[in-house]
Q: 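So that we are looking at the same thing, I have put the structure below in structure tokens.
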Amino acid sequence: MLTIPFIKDHRDTVLKGLEVKNFKNPELIDQIIELDNKRRALQVKTNELQAQMNKLSKEIGQLFKSGEKEKANQVKEQTTGIKQELETMEQDLQRANERMNELLVQVPNVPHPSVPGGNSEADNKEIRSGGSIPSLHEGAQPHWELGKKYKLIDFDLGVKITGGGFPVYRGKGAKLQRALIAYFLDQNTDAGYEEILPPLMVNEESGFGTGQLPDKEGQMYHVTGDNLYLIPTAEVPVTNIYRDVILDAGELPIKNTAFTPCFRREAGSYGKDVRGLNRVHQFDKVEIVQIQHPSNSYNALEEMVSHVEQLVISLGLPYRIVQLCGGDLSFTSALTYDFEVYAAAQDKWLEVSSVSNFEAYQSNRLKMRFREPGEKKTQLTHTLNGSALALPRILAAILENNQTPDGIKIPEVLHPYMGAGNEMIT
RNA sequence: GGAGAGAUGCCGGAGUGGUCGAACGGGGCGGUCUCGAAAACCGUUGUGCCCUCACGGGCACCGGGGGUUCGAAUCCCUUUCUCUCCGCCA
């Protein structure tokens with residue numbers, strides 16, 4: 001969430017930003033500012049009363065010690081009135097603070113000035129593209145047919161074991177999956193990211209920290225018996241490593257990469273683009289996360305985009321990078337680039353990565369701070385993350401684009417990971 | 001699943017009703033000494049909020065929530081988590 005000082009000092013910027021995001025409650029900002037003034041007044045008064053009580057209590061203690069019981073009891077009587085007043089005051093203050101929190105979590109992050117206005121995908125701005133769109137042979141098939149034909153992916157088996165959206169990979173399909181994971185992790189660690197293998201379930205606190213709770217509760221699988229949530233992305237456990245931590249400026253940036261399965265209920269999205277691997281409930285993803293000094297976060301964002309771009313290029317996939325418009329930007333993001341690859345048989349662009357700078361928005365919730373050497377005051381870090389990369393759609397594009405009448409060609413960079421004799425799936 | 005123990009500052013660990021934001025030790029930082037370092041010695045070392053231009057000051061926080069009391073790290077209730085032993089198990 002945004003900090004109160006930021007909202008107060010940049011009221012107009014915030015209002016303008018919310019407009020770009022099509023956020024339809026600008027009055028909220030003034031409500032917050034107003035409530036903060038009220039809250040401060042309450043706190044001043046409360047603190048005064050508390051100070052009075054502390055003083056009197058100390059006095060009573062002294063008096064009892066020196067045996068002046070009578071006097072002590074006199075002072076005691078003085079406290080009752082103050083105590084009552086203090087009680088209501090404290091309640092008011094607590095209520096104001098709770099209310100403030102309710103209001104603050106309703107305010108989305110302010111988009112970066114470069115974010116274009118717009119309502120939907122259609123208004124996203126293409127930054128650049130690369131690769132060439134392959135021309136397929138006669139009778140080319142979409143990946144769900146290819147998966148069946150070459151015994152790589154079995155969707156029906158997933159339905160039997162679990163349900164729709166839980167594909168079973170087998171044989172070369174499973175191996176290709178493993179190859180992609182290893183390849184991505186190696187590329188990421190070569191680029192300076194520390195590899196993390198985190199828990200796949202998180203507690204409520206972590207879910208709240210990265211913003212999945214309470215707003216997107218329905219999107220996560222909830223293990224009610226233990227009150228844990230299956231992670232929808234590695235971002236959740238990895239970013240929460242640094243929750244409630246004060247770093248030295250010298251420790252920044254922190255760069256982590258993690259492979260995890262991701263679990264998403266995708267409630268409400270049935271029937272749309274759900275064929276094959278396009279949208280599933282469980283999928284594998286390699287994520288990159290950076291904790292950055294605020295002065296460098298946008299450099300880091302560009303660096304992450306180039307890194308992901310290299311991955312896509314190395315796999316030989318036609319791609320385009322779009323900057324999300326205000327309306328398409330997530331609640332917590334200040335600037336997001338989406339990567340899409342072209343799946344030739346479906347004639348569709350599939351989103352395979354989303355790279356975002358959250359600035360201090362997540363950090364504020366997570367209490368993730370750093371300190372400049374010699375400074376006493378702490379500052380909020382900036383957080384960024386991106387997929388590098390999400391597997392199913394990459395797999396879909398590879399299968400579809402690389403199909404030939406004789407089989408499916410495995411991208412060269414994966415050959416070392418697939419083992420000899422597996423340059424082609426036949 | 002059964003039984004027990006515990007949760008205090010960067011770490012270890014004391015503290016069972018009043019000057020405890022917290023002894024003591026370690027670590028960190030600054031200094032003295034030294035050619036330099038080590039050792040030794042001295043000093044310093046939590047977070048957040050609020051008032052103030054500032055100097056400075058106030059308040060809260062000893063896992064979380066609630067209660068008793070003039071006063072709670074300390075007593076009571078409740079909750080979460082951790083550890084140990086037994087059982088089960090990859």
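Proteins come first, then strands; the chains are lettered A, B, ... in the order of their sequence lines, and each starts at number 1.
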Q: When you look at CE of A/M201, are more than 12 heavy atoms from neighbouring residues, nucleotides or ligands closer to it than 6.0 Å?
A: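 Counting other residues, nucleotides and ligands, CE of A/M201 stays at 12 neighbours or fewer.
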
Q: Mind checking if A/E59 touches a base, just sugar-phosphate, or nothing, with heavy atoms under 4.0 Å?
A: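 No contact at all - A/E59 keeps every heavy atom at 4.0 Å or more from the nucleic acid.
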
Q: With heavy atoms under 4.0 Å as the rule, sort A/L56 into base, sugar-phosphate or nothing.
A: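 The answer is nothing, as A/L56 stays clear of every strand by at least 4.0 Å.
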
Q: Please measure how far the P atom in B/A23 lies from the corresponding atom in B/U47, and state the result in whole Å.
A: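 Rounded to whole Å, the distance is 16 Å.
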
Q: List the residues meeting side chain to side chain donor-acceptor pair (under 3.5 Å) with A/Q323, not counting sequence neighbours, and say none if there are none.
A: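 Expected list: A/S114.
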
Q: Charged N to carboxylate O under 4.0 angstrom, A/E287 versus A/K285?
A: yes

Q: Cut-off 3.5 Å, side chains only: do A/Q187 and A/Q310 have a donor facing an acceptor?
A: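 Checked: A/Q187/A/Q310 side chains show no N/O donor-acceptor pair below 3.5 Å.
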
Q: Treat primed atoms plus P, OP1 and OP2 as sugar-phosphate and everything else as base, then score nucleotides 46-58 of chain B 5' to 3': B for base contact with protein heavy atoms under 4.0 Å, S for sugar-phosphate contact only, - for none.
A: -SSBSS------B

Q: Closest heavy-atom contact between A/S297 and A/L384?
A: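 That closest heavy-atom pairing would be O-CD2, 3.3 Å.
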
Q: Answer with base, sugar-phosphate or nothing: what part of the nucleic acid does A/S57 contact at a heavy-atom distance below 4.0 Å?
A: base

Q: Can you tell me which residue pairs pass the ring-ring contact (aromatic ring centres under 6.0 Å, His included) test with a partner in residues 185-206 of chain A, sequence neighbours excluded?
A: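 Checked against ring-ring contact (aromatic ring centres under 6.0 Å, His included) - neighbours excluded - the pairs reaching residues 185-206 of chain A are A/Y193-A/H307.
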
Q: What distance, rounded to whole Å, do you find between the two C1' atoms, one in B/C10 and one in B/G46?
A: 9 Å

Q: Within the 4.0 Å heavy-atom criterion, would you say A/K76 contacts the bases, only the backbone, or no part of the nucleic acid?
A: base

Q: Quantified in whole Å, what is the P atom distance between nucleotide B/G12 and nucleotide B/U8?
A: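 It works out to 7 Å between them.
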
